[in-house]
Protein chains: 2
Amino acid sequence: MKKPETQELRTMHAMLCQAIADPTRIALLYELNDGPKNVTQLVNALSLPQGTVSRHLKTLRERYLVHTRRDGSYIHYELADSRVIDALDLMRAIKSDILARQRNLAEAVMK
Amino acid sequence: MKKPETQELRTMHAMLCQAIADPTRIALLYELNDGPKNVTQLVNALSLPQGTVSRHLKTLRERYLVHTRRDGSYIHYELADSRVIDALDLMRAIKSDILARQRNLAEAVMK
DNA sequence: TTCGTATATTCGTTTACCCATATATGCGAT
DNA sequence: ATCGCATATATGGGTAAACGAATATACGAA
């Protein structure tokens with residue numbers, strides 16, 4: 001009864017995951033989780049070159065994880081689906097557990 | 001009160017996400033979600049070259065998303081943390097919604 | 001020891017991504 | 001039209017990661 005995902009669907013799945021597989025884009029997504037922001041605000045918040053921010057926003061846009069709303073000369077970006085934050089939080093929790101386990105291991109070795 | 005993640009932590013976060021950003025590894029993780037399997041079983045399940053499977057398993061191992069148990073000449077792989085499946089499911093749900101929206105859009109244009 | 005199966009790794013190549021810098025475009029104001 | 005700011009994209013270079021094919025290692029059985 002379990003139908004296998006086609007290769008194409010899995011590739012799309014992977015492309016979506018790839019979108020969140022970069023430190024800058026992770027930071028951008030969390031920033032946008034606080035509310036819509038324009039590019040300049042994101043540049044200031046992350047202290048990154050404007051070109052870099054725009055490039056990563058393009059990646060997120062192309063994968064439909066953010067969308068834009070023009071307001072005069074500003075373009076406001078916002079999260080398209082807050083579940084991406086849930087997914088990021090899950091991965092972050094996994095990471096924290098891995099780190100905690102390694103810390104415990106290190107302590108055990110020290111004694 | 002919100003402490004910013006260090007760059008290093010965010011990089012680790014991204015490395016974990018990168019681990020799930022490949023179609024083959026996604027397939028491997030879902031396979032392992034059904035229960036532990038050895039490499040040959042995974043090779044047969046996914047119809048991929050053994051070298052390819054081993055290489056991707058190494059990636060997952062290095063990031064602590066799977067762990068191994070040797071049993072005679074077999075090495076059984078199992079999920080280290082089932083939350084990674086939850087994260088993958090979230091991303092898959094997001095993907096499905098994107099596809100549905102595009103289908104609706106296409107239909108609307110047709111009429 | 002040798003053989004056969006299971007798993008891992010190496011090699012060479014290609015593809016894809018990241019960054020920084022520079023340049024281009026879009027829009028409001030003058 | 002031009003100026004200035006906001007945003008986007010193009011270019012070039014470095015690095016990482018993907019693949020197939022081949023080879024190496026680990027283990028059990030004989």
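Quick note: numbers below take in every heavy atom, side chains included, and nothing from hydrogens, waters or symmetry partners. Chain A is the first sequence line, chain B the second, and so forth, proteins listed ahead of strands; every chain is numbered from 1.
Contact annotation for B:S54: base contact, defined as any heavy-atom pair under 4.0 Å involving a base atom.
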Name each donor-acceptor pair under 3.5 Å that joins a side chain in residues 12-29 of chain A to protein atoms two or more places apart or in another chain, with its distance.
unit_1	atom_1	unit_2	atom_2	d
A:H13	NE2	B:L88	O	2.9
A:D22	OD1	A:T24	N	2.9
A:D22	OD1	A:R25	N	3.2
A:R25	NE	A:A19	O	2.7
A:R25	NH1	A:H56	ND1	3.1
A:R25	NH2	A:Q18	O	3.2

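Both B:H56 and A:K58 lie near DNA chain D, and the one whose nearest nucleotide falls closer to the 5' end is A:K58. Between A:R55 and A:S73, the one whose closest nucleotide on DNA chain D sits nearer the 5' end is A:S73. Map B:V39 and A:T24 each onto its nearest nucleotide of DNA chain C; the residue landing nearer the 5' end is B:V39. Position along DNA chain C of the nearest nucleotide to B:R61 versus A:T59 favours B:R61 as the more 5'-ward residue.
Closest to the side chain of A:T40, out of D:dT7, D:dA8, D:dA17, is D:dT7. Considering only side-chain atoms of B:Y74, the nucleotide from C:dA6, D:dA8, D:dA6 that sits closest is C:dA6.
For the pair A:R101 and B:Y64, the cation does not sit on the ring face, since its NZ or CZ is not both under 6.0 Å from the ring centre and inside 45° of the axis.
In this structure, B:T52 reaches the D:dG20 phosphate: one of its side-chain N or O atoms is under 4.0 Å from OP1 or OP2. Put simply, A:R70 has no side-chain N or O that comes within less than 4.0 Å of OP1 or OP2 on D:dA6. Contact annotation: A:Y77 reaches the phosphate of D:dA8 (side-chain N/O to OP1 or OP2, under 4.0 Å).
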